[in-house]
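What you see is a predicted model, and the numbers here were worked out from it, not measured in a lab.
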Amino acid sequence: AVASPRLRQWTARRLSGHSRGSVARLFDAVGRSTNPAVIADLLQGFIEGLDTVNVETIPESARTVSVRLIEHDARQVRLPALTVAAAIGDEAAVQRIRHVLHDGKQDEPTRLAALTGLANRTPPQFADDLRSLIASAQLTTAALRVSGGFNNAALLQTILTRYPKFSAD
């Protein structure tokens, strides 16, 4: 029997918060799979369970797999991989994903996946990233939604300065 996408996502979500060993087994399965739909479903389930994950205890093997999948041939894998790698990757991965976030040559879904992952992680410079996006009118709506959780004077000033130029979208 073949597992449905919803069952794969549910399983990954449950495993994500269970234990370090469960996360290691999940990412071992992700790393061994050759089916982009299976990989994407497992990554999406992990993303849905991120709020139960202690990033400090993520096995290095999971970090390695997530960063490797950023370069996957299938877009359906790359997008959730960006979100996962931003949330659990090492500092080099975070910097790489920040570059994707600010790269205007990337398509919007790719940049939004990077934004989502960084929002889950909230690296120290993330308020500056949001400020930059809002000031340059890029991903404005998504950046504004994420910025609600920040008490940063420069970010607030940028929002107030740009407010008259915001569109209704």
Side-chain angles (χ1 to χ4, degrees), residues 1-103 106-127 129-130 133 139-150:
V2 176
S4 73
R6 289 176 57 177
L7 180 59
R8 288 191 295 258
Q9 291 174 11
W10 179 85
T11 302
R13 184 174 56 249
R14 295 288 301 198
L15 288 173
S16 65
H18 190 265
S19 70
R20 177 182 167 92
S22 296
V23 172
R25 284 188 287 284
L26 171 63
F27 277 90
D28 180 55
V30 168
R32 285 185 289 112
S33 180
T34 58
N35 184 330
V38 169
I39 297 168
D41 290 341
L42 294 175
L43 290 174
Q44 186 58 46
F46 182 78
I47 291 167
E48 291 168 6
L50 268 173
D51 60 337
T52 65
V53 173
N54 179 355
V55 176
E56 302 298 320
T57 65
I58 294 291
E60 188 58 37
S61 60
R63 297 177 201 279
T64 302
V65 168
S66 69
V67 171
R68 181 174 46 98
L69 291 174
I70 292 172
E71 303 297 330
H72 197 278
D73 291 337
R75 182 177 187 199
Q76 75 187 95
V77 171
R78 282 193 312 272
L79 294 180
L82 273 166
T83 300
V84 171
I88 70 169
D90 61 12
E91 185 58 31
V94 169
Q95 292 308 316
R96 183 174 171 191
I97 293 163
R98 287 182 70 225
H99 177 74
V100 170
L101 176 65
H102 294 288
D103 183 357
Q106 297 285 342
D107 64 9
E108 186 171 313
T110 299
R111 295 176 73 200
L112 286 172
L115 178 64
T116 300
L118 291 169
N120 284 318
R121 173 81 167 252
T122 60
Q125 65 281 11
F126 191 53
D129 293 328
L130 294 172
L133 291 171
L139 306 176
T140 305
T141 301
L144 284 169
R145 284 187 185 121
V146 172
S147 69
F150 286 87

Q: Specify the closest pair of heavy atoms between Leu82 and Ala113, including all atoms of both residues, with the distance to one decimal.
A: CB-CB, 4.1 Å
Q) What pair of heavy atoms forms the shortest contact from Ala74 to Pro36, and how long is it? A) CB-CB, 3.8 Å
Q: Report yes if the side chains of Thr11 and Leu26 come closer than 4.5 Å at any heavy-atom pair, otherwise no.
A: no
Q. Within a strict 4.5 Å, meaning less than it, do heavy atoms of the Arg111 and Asp103 side chains meet?
A. no
Q. Mind checking whether Leu130 and Leu115 have side chains closer than 4.5 Å, heavy atoms only?
A. yes
Q: Supply the atom-to-atom distance Leu42 CG to Asn35 CG, rounded to the nearest 0.5 angstrom.
A: 9.5 Å
Q: Answer whether the closest heavy-atom distance between the side chains of Arg98 and Leu118 falls below 4.5 Å.
A: yes
Q.
My understanding is that only residues two or more places apart in sequence, or in another chain, count here; which of them pass side chain to side chain donor-acceptor pair (under 3.5 Å) with Asp90?
A. none
Q) Okay, side chain of Arg78, backbone of Leu69: is any donor-acceptor separation there less than 3.5 Å? A) no
Q: Report the distance from atom CZ of Arg75 to atom CG of Asp107, rounding to the nearest 0.5 Å.
A: 4.0 Å
Q: Would you indicate whether the side-chain heavy atoms of Pro59 and Val23 approach each other to under 4.5 Å?
A: yes
Q. Counting distance only, does the side-chain N/O of Ser66 pair as donor-acceptor with the main-chain N or O of Arg63 below 3.5 Å?
A. yes
(Q) Rounded to the nearest 0.5 Å, what separates atom CZ in Arg32 from atom CD1 in Ile39? (A) 11.5 Å
Q. Under 3.5 Å, is there a donor-acceptor pair linking the side chains of Gln9 and Arg6?
A. no
Q: Identify the heavy atoms of Ala40 and Val77 that sit nearest to each other, and give their distance.
A: N-CG2, 4.3 Å
Q.
Does Glu56 have more than 12 heavy atoms from other residues, nucleotides or ligands lying within 6.0 Å of its CD?
A. no
Q: Calculate, to the nearest 0.5 Å, the distance between atoms OG and CD1 belonging to Ser16 and Ile58 respectively.
A: 8.5 Å
(Q) Walk me through whether Phe46 and Ile88 qualify under side-chain contact (heavy atoms from CB on, under 4.5 Å). (A) CA-CA 11 Å; Phe46 182 78; Ile88 70 169; 4.0 Å; yes
Q: May I have all residue pairs that pass salt bridge (charged side-chain N to carboxylate O under 4.0 Å, His left out) and include part of residues 13-24, sequence neighbours excluded?
A: Arg13-Glu48
(Q) side-chain contact (heavy atoms from CB on, under 4.5 Å), that's the test. Do Arg121 and Ile97 meet it? Break it down for me. (A) CA-CA 12 Å; Arg121 173 81 167 252; Ile97 293 163; over 6 Å; no
**Q.** Residue list, salt bridge (charged side-chain N to carboxylate O under 4.0 Å, His left out) with Glu108, at least two apart or on another chain
**A.** none
Q) How about Leu112 and Pro109: do any of their side-chain heavy atoms sit closer than 4.5 Å? A) no
Q) What's the shortest heavy-atom distance between Pro80 and Leu43, and which atoms? A) CB-CB, 3.8 Å
Q | Nearest non-hydrogen partners of Ala93 and Gly89, listed with the distance | A | CB-CA, 3.9 Å
Q | Minimum-distance pair of heavy atoms, taken over all atoms of Ala87 and Val55 | A | O-CG1, 3.7 Å
Q | Sub-4.5 Å side-chain heavy-atom contact between Gln44 and Pro5 | A | no
Q) Would you say Leu133 and Thr140 make side-chain contact, with heavy atoms under 4.5 Å? A) no
